[in-house]
**Student:** 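Have a look at this one.
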Amino acid sequence: MDINTNIDGQMATIYMNGRFDFNVHRSFKEAYDELLAQPGITSLEVNLAQVDYLDSSALGMLLLLRERAQLAGKTVVLRQPNSVVTQILDIANFGKLFTIQ
Amino acid sequence: MNGTPDIPGPPTSLTVLVADDNRANRALLTGFLKKLGHRVLEAESGEQAIALFQQQATDMVLMDIDMPGMGGYEAVRELRRLATEWLPIIFISALGESESIVRSIESGGDEYLGKPVDLKLLRAKIVSLQHRLLLTRQLAQQNQLLLDYQAKNREEQAAAQEFMRHMSELDKINDPRVQYYLRPTEDFSGDLIAVARTPGNQLHVMLGDSTGHGLTAALAGMPVLQLFRSLTAKGFSIGGVAAEINNRIKRYMPANRYVAAILLSLDEESRMLSVWNGGCPPAVLLNPDGIPAYQFDSKHLPLGIVGAEQFDSDVERYCYGNHHCQLLMTSDGAVDAVEHAGMLQGMVSLLNAARGKRGAMLLLALLQLLGEKLGGEPQMDDIAMILVDCPDDNAISEALAGGVGGMRPRPQTTVARPAGQNHQGDETALAWQFSLTLTAPQLRNADIVPMVLDVVKGIESEFPQLSSTLFLVLSELVNNALEHGLLQLDSSLKHDPEGMERYFEERTARLKKLAAGEIRIKLSKEDDGQQSLLKVTVANDGAEFDYRAALAASPDGGLRRHGRGIQLVRNLSTRFDYDDNGRKANVCLLLKDAAPSADSAGQQRNTQQEFFDE
């Protein structure tokens, strides 16, 4: 799994691919910590278009990101999950916590 | 290392074994080594070198090749065999260059120096080997530490596993309604299974899936299991159990840890299932032919994510009617193992395998499917499956008649049949008394009965025998006060399964909106020296209640639960009446160990017998 980030004005995007699980824990955290530390960024997108699978620790990482972002006063959006990932997010009812587009 | 000279470790001063048959050569090397600050052992032959090495700790060897008797090559081979750690060896020889260098290396030498010895070069080689020795020894030490740690860790893991096994109390699950399968990926399971009965004999079952797997996941699950069992034993509703567990996890676990869970309550009397599903695959109700009849989808976030104020404890209710059904619950590990392509497909495959099967055969069919799908590959996640038997009339009466150990008897009552009044004329002494007034905010949010039971438990030593009776009586009276008095629900709805679900939906909706109203609960224990009486009063300030009709209603009229509660309270109590146009219910319970303490056991029986016969 590669993690790339892109900043466009006030919006930052984290691009991920492959299997989103505990193994990317460190690099995912590094990526969002760096983005949340930048005062110019107000919203953060996690682009899941290339992600095939999420496990429960990945959902945990998203929860942690959400908590950190709230503390920093920034919003988080999950974008373009494929159908398998959508099912996983639905069962966990993450739509109640995140904007999913 | 603190640099104290007598601590073995980085050897700044080495013990060097010098083996040379030529006394002058030995003297030259010894003198030079001592000048460098090293200790020297001198040997005249290969044999002597080996003997010295075996007697004294040696850090390094300078070895002449050509010696009478055992030569240098052979001696070094022997030293290598004897050494328990890496031993730096420098060959020193006048023999022809390249051939002797090759043989030196082949026999196990680390360095080679020609004669006459260039002392500057020798010094450089000693220093370089000394560094290597230091590193090697450090590495060996760390290796040992690692091995020690590994051994200790293995021991602790085994102890922790044993501990967890006890805490999980899996081996104590022996409810005849429940069969399960649990297979962790590692030694510890992050998937949790718990089964318990309320004091009113409702079956509570939980399947949980704690984030991740292994020790941390299992550890996070332990308090969840315990809480589930203790809250159920206190009589909390299944939604109340979910709420309490959620709050606890939220408090003690970091934001990225949570527990996806299905909590189920089965009321065998009214054949109603109440399910709270947060983050688990759907729990599926299978009809008598093993075909899906209803499914309880995940409607909530998993436990431990949102705080108490946002937590939604609403349960989904379903009455399965007079059919002998089964409910299948699975963790996502099971569904995933069957179909990587997605939850829905995995669920479909599992349900196809279940078709037409019951009980153990059904679980076996699912296991067989899992085995085929995994094809010997290790599973990615913990796997848990629970099958709950949802009995109809026949199943219940068969179990009762056959004594299959299936149906449990109603909880033991601790009170006498309603045959008479309290003995008259005796002085009664108040043992204790308390009253509690609950207003709309508490009524909306709190599980009232367990709360009251907790208070009684705190003051009453006879509580263990009293618990289930008091639970039943209080539940019935409080529910009546709430549902008829304050919420003014139409109990005729409860005549059929659909109406029953509507009734509960309506109850939930009205309760959420309840703005005013109160319920007063008063409990007191009285002792006249012959009998102990527990008096229970539950009053509300809502609508009048036609208690005469309720008391007269046949318990078999309509769906069995309707009217039955009131009958039950009447059967359990020595006195049961209403005041204030049905708004206030008074119940008297006779405690079991009521005979005077001076009486023998036989007399005690007599006293009670007379009492019944009055």
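Within every chain, numbering begins at 1; the chains are lettered A, B, ... in the order of the sequence lines, protein sequences first and strands thereafter. Nothing here was measured: the structure is a model prediction, and the numbers come from that model.
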**Student:** Is the number of heavy atoms from other residues, nucleotides or ligands within 6.0 Å of CD (Gln157(B)) greater than 12?
**Tutor:** yes
**Student:** For Phe94(A), is it the side chain, the backbone, both or neither that has a heavy atom under 4.5 Å from a heavy atom of chain B?
**Tutor:** both
**Student:** For side chain to side chain donor-acceptor pair (under 3.5 Å), just list the numbers for Ser298(B) and Asn93(A), CA-CA rounded to whole Å, side-chain angles, deciding distance to a tenth of an Å, and then say yes or no.
**Tutor:** CA-CA 7 Å; Ser298(B) 163; Asn93(A) 282 291; 2.8 Å; yes
**Student:** Tell me if the CZ atom of Arg248(B) is crowded by more than 12 foreign heavy atoms within 6.0 Å.
**Tutor:** no
**Student:** If you count every heavy atom of other residues, nucleotides or ligands that lies below 6.0 Å from Gln70(A) atom CD, does the total exceed 12?
**Tutor:** yes
**Student:** Less than 4.5 Å to any heavy atom of chain B: does that hold for the side chain of Leu97(A), its backbone, both, or neither?
**Tutor:** side chain
**Student:** State, with a plain yes or no, whether a side-chain heavy atom of Ile305(B) is found less than 4.5 Å away from one of Leu63(A).
**Tutor:** yes
**Student:** In this structure, are over 12 heavy atoms from other groups packed under 6.0 Å from Asp8(A) atom CG?
**Tutor:** no
**Student:** Tell me, out of Val85(A), Leu64(A), Asp90(A), who's got the most heavy-atom pairs with chain B below 4.5 Å.
**Tutor:** Leu64(A)
**Student:** Are more than 12 heavy atoms from other residues, nucleotides or ligands located less than 6.0 Å from atom CZ of Phe22(A)?
**Tutor:** no
**Student:** Quick one: which of Leu59(A), Asp21(A), Leu65(A) has the most heavy-atom pairs under 4.5 Å with chain B, could you say?
**Tutor:** Leu59(A)
**Student:** Can you find a pair of side-chain heavy atoms, one from Gln345(B) and one from Gln87(A), that are under 4.5 Å apart?
**Tutor:** yes
**Student:** Which one of Thr211(B), Asp297(B), Asn256(B) has the most heavy-atom pairs closer than 4.5 Å to chain A?
**Tutor:** Asn256(B)
**Student:** Heavy atoms only: give me the nearest Pro302(B)-Ala92(A) pair and the separation to one decimal.
**Tutor:** CD-O, 3.3 Å
**Student:** Nearest heavy-atom pair of Cys280(B) and Ile91(A): which atoms, and what distance?
**Tutor:** O-CG2, 3.5 Å
